[in-house]
Amino acid sequence: MATTWNEKAAELICVGIGAAHLDDPTRALLDLGVSGVLIGDATFAGPSEVYELITSIRRHAGRPLFIAIDHEGAARSRLQSGFTRLPALRALGDTGDEDYAYEVGRVLGRELRAVGVDLCLGPVLDVATNPNNPVIGERSLGTDPLLVARLGTRLARGLQDEGVGACVKHFPGHGDTVTDSNLALPILPHGVVRLEEVELQPFVAAVEARVAAMLVGHILFRALDSKFPASLSRPILFGLLRQKLAYRGLVLTDDVDMGALTRHFTPAEIAEHGIAAGADCFLCARQPETARQLINAMVEGLDRGNILPERVEAARRRVSAFVHRYAPGPHDGHLESIGSAENAQLLGRIGGGRPSLFDIG
């Protein structure tokens with residue numbers, strides 16, 4: 001049980017690891033008390049190596065915490081060798097088959113659960129309305145918000161029925177941007193009516209489907225907040241997501257080391273505005289020092305009265321609730337089912353037989 005504000009602040013951080021083994025920077029952050037670890041872009045020889053890494057993380061932490069991964073499909077699937085492969089989500093969206101999407105989610109969930117992953121950063125619920133979008137494109141299920149809503153929520157349900165939390169993204173919608181948020185801050189000028197008709201529809205469906213988590217993008221929606229991007233916006237996170245949509249799950253920010261934030265805000269501003277807005281967990285996927293800066297900034301903000309203790313406590317409760325539900329502890333590692341012919345055959349049979357969408361890595 002955390003007893004200091006440093007430990008409590010650390011619970012609101014998910015850090016990234018880019019190695020296939022437990023490295024010293026990650027050990028140090030685990031010792032600080034972070035609640036989540038995101039498996040990064042390391043190359044793994046196969047499922048057993050992934051399982052060994054995750055087991056070593058849990059063993060070193062010595063406490064419950066969650067393991068997350070980007071596993072959207074195609075190049076955005078961090079786990080390749082030995083796993084059943086999913087193409088870009090657009091191929092799945094082209095089928096229009098909700099049952100198919102659900103079974104795909106179940107296969108992904110079983111394989112992620114087998115190696116010990118608790119949270120999948122996906123599916124993408126952005127609606128691909130802009131062909132010039134540099135970062136979404138084929139990652140989206142399609143151009144129709146209703147289709148994205150139907151298939152996205154079924155895919156998420158399949159994941160969660162296998163015990164892996166789905167983290168839909170990038171709320172409130174990244175599909176019509178022309179700027180890569182890794183580099184700069186995207187701005188959407190659309191009015192509220194347009195946002196409700198297009199961008200928000202899949203996320204409304206996700207709330208109704210009780211998805212476990214929602215990842216918020218670093219995007220400025222002028223009609224909702226002319227000053228702060230969604231990830232730091234109280235009108236968007238508290239006013240829209242928590243109050244209007246009544247979402248009760250875990251809210252994560254996108255990676256705070258992305259240019260959309262770092263070019264405009266200091267770590268102290270990110271911590272203070274993010275907590276005040278309603279974020280529960282900050283994703284720090286690239287720079288270990290950023291995690292330390294955010295922890296220190298939260299403690300300093302509490303000391304100065306710029307961060308309310310009750311907001312930190314509310315965020316801690318949501319992180320804890322997620323860990324309790326989806327990250328109960330060590331996993332048995334039933335690796336024999338990963339990348340199996342049965343998985344490929346199942347995915348090939350469903351929806352009229354589409355085995356070309358999948359292959360065994």
Side-chain angles (χ1 to χ4, degrees), residues 1-16 25 28-38 63 65-66 171 181 185 213-221 224-243 247-323:
M1 180 67 67
T3 56
T4 70
W5 282 118
N6 286 81
E7 292 169 316
K8 292 178 180 181
E11 290 182 11
L12 310 188
I13 302 293
C14 176
V15 299
L29 292 169
L30 289 170
D31 291 342
L32 288 178
V34 299
S35 280
V37 177
L38 175 71
R63 65 180 187 283
L65 79 168
F66 69 88
F171 181 82
S181 53
L185 179 62
M214 200 166 293
L215 187 140
V216 184
H218 308 314
I219 310 161
L220 190 71
F221 289 80
L224 303 176
D225 190 330
S226 61
K227 185 176 181 181
F228 293 107
S231 52
L232 306 182
S233 169
R234 185 168 176 82
I236 292 176
L237 293 190
F238 180 75
L240 175 61
L241 185 57
R242 292 298 190 197
Q243 287 196 314
Y247 182 61
R248 296 294 177 262
L250 184 69
V251 172
L252 289 83
T253 70
D254 208 344
D255 187 0
V256 298
D257 277 318
M258 295 167 70
L261 285 195
T262 59
R263 292 179 61 175
H264 301 277
F265 302 98
T266 66
E269 291 170 330
I270 293 170
E272 291 179 8
H273 293 300
I275 288 293
D280 300 315
C281 189
F282 295 90
L283 180 58
C284 303
R286 307 180 193 188
Q287 300 294 333
E289 185 56 31
T290 300
R292 296 177 182 275
Q293 291 173 345
L294 283 179
I295 293 168
N296 292 336
M298 279 189 264
V299 174
E300 291 171 5
L302 285 159
D303 289 340
R304 294 194 303 267
N306 294 340
I307 294 178
L308 298 177
E310 53 264 36
R311 270 296 307 128
V312 173
E313 296 294 355
R316 289 181 63 223
R317 286 194 296 271
R318 287 201 180 91
V319 172
S320 177
F322 176 84
V323 171

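We use all heavy atoms of the structure for the numbers below, so side chains are in, but hydrogens, waters and symmetry mates are not. What you are looking at is a predicted structure, and each value in this text was computed from that prediction instead of being measured.
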TODO: Please list, chain by chain and in numerical order, all residues satisfying side chain to side chain donor-acceptor pair (under 3.5 Å) with R263, sequence neighbours excluded.
DONE: none
Open item on the list: How close do R304 and N306 get, counting heavy atoms only, and between which atoms?
Closed with: NE-ND2, 3.1 Å
- [ ] Starting at CG of L252, measure out to SG of C14 and round the result to the nearest 0.5 Å.
- [x] 6.5 Å
- [ ] State the CG-CD1 distance between L283 and I13, to the nearest 0.5 angstrom.
- [x] 9.5 Å
Task: Minimum heavy-atom distance T253-F282, with the two atoms named - done: OG1-CA, 3.5 Å
Task: Nearest atoms (heavy-atom pairs only) where L302 meets I307 - done: CD2-O, 3.4 Å
TODO: Scan residues 287-301 for pairs that pass side chain to side chain donor-acceptor pair (under 3.5 Å), counting only residues two or more places apart or in two chains.
DONE: D257-T290
Task: Derivation of the side chain to side chain contact (heavy atoms under 4.5 Å, CB included) call for R318 and V251 - done: CA-CA 8 Å; R318 287 201 180 91; V251 172; over 6 Å; no
Open item on the list: Show every side chain to side chain donor-acceptor pair (under 3.5 Å) that has at least one partner inside residues 224-242, sequence neighbours left out.
Closed with: H218-S231, D225-S233, R242-D280
Task: Nearest heavy atoms of G217 and D254, plus distance in Å - done: CA-CB, 4.4 Å
Open item on the list: For the CZ atom of F228 and the CG atom of L220, what is their distance to the nearest 0.5 Å?
Closed with: 10.0 Å
Task: CA sep, side-chain torsions, deciding dist, call: L250, V319, side chain to side chain contact (heavy atoms under 4.5 Å, CB included) - done: CA-CA 7 Å; L250 184 69; V319 172; 3.8 Å; yes
Open item on the list: Testing the basics here: between M214 and Y247, what is the closest heavy-atom pair and its distance to 0.1 Å?
Closed with: N-OH, 3.6 Å
Open item on the list: Less than 4.0 angstrom from a charged side-chain N to a carboxylate O is my criterion; do K8 and E11 meet it?
Closed with: no
Open item on the list: Evaluate T4 against V299 for side chain to side chain contact (heavy atoms under 4.5 Å, CB included), listing each step before the verdict.
Closed with: CA-CA 9 Å; T4 70; V299 174; over 6 Å; no
Task: Spatial distance of atom CG (L308) from atom CD (E272) [nearest 0.5 Å] - done: 10.5 Å
Task: Derivation of the side chain to side chain contact (heavy atoms under 4.5 Å, CB included) call for I275 and L12 - done: CA-CA 9 Å; I275 288 293; L12 310 188; 3.6 Å; yes
Task: Rounded distance [0.5 Å steps], CG in D255 versus CE in M258 - done: 6.5 Å
Task: Residue pair A230 / F171: nearest heavy atoms and the distance that separates them - done: CB-O, 4.2 Å
TODO: State, yes or no, whether a side-chain contact exists between L232 and L261 at a heavy-atom distance under 4.5 Å.
DONE: yes
Open item on the list: Nearest 0.5 Å, please: how far is OG1 in T262 from CD1 in I270?
Closed with: 7.5 Å
- [ ] Could you label the plane-to-plane angle of the F322 and F66 rings as parallel, tilted or perpendicular, counting under 30° as parallel and over 60° as perpendicular?
- [x] perpendicular
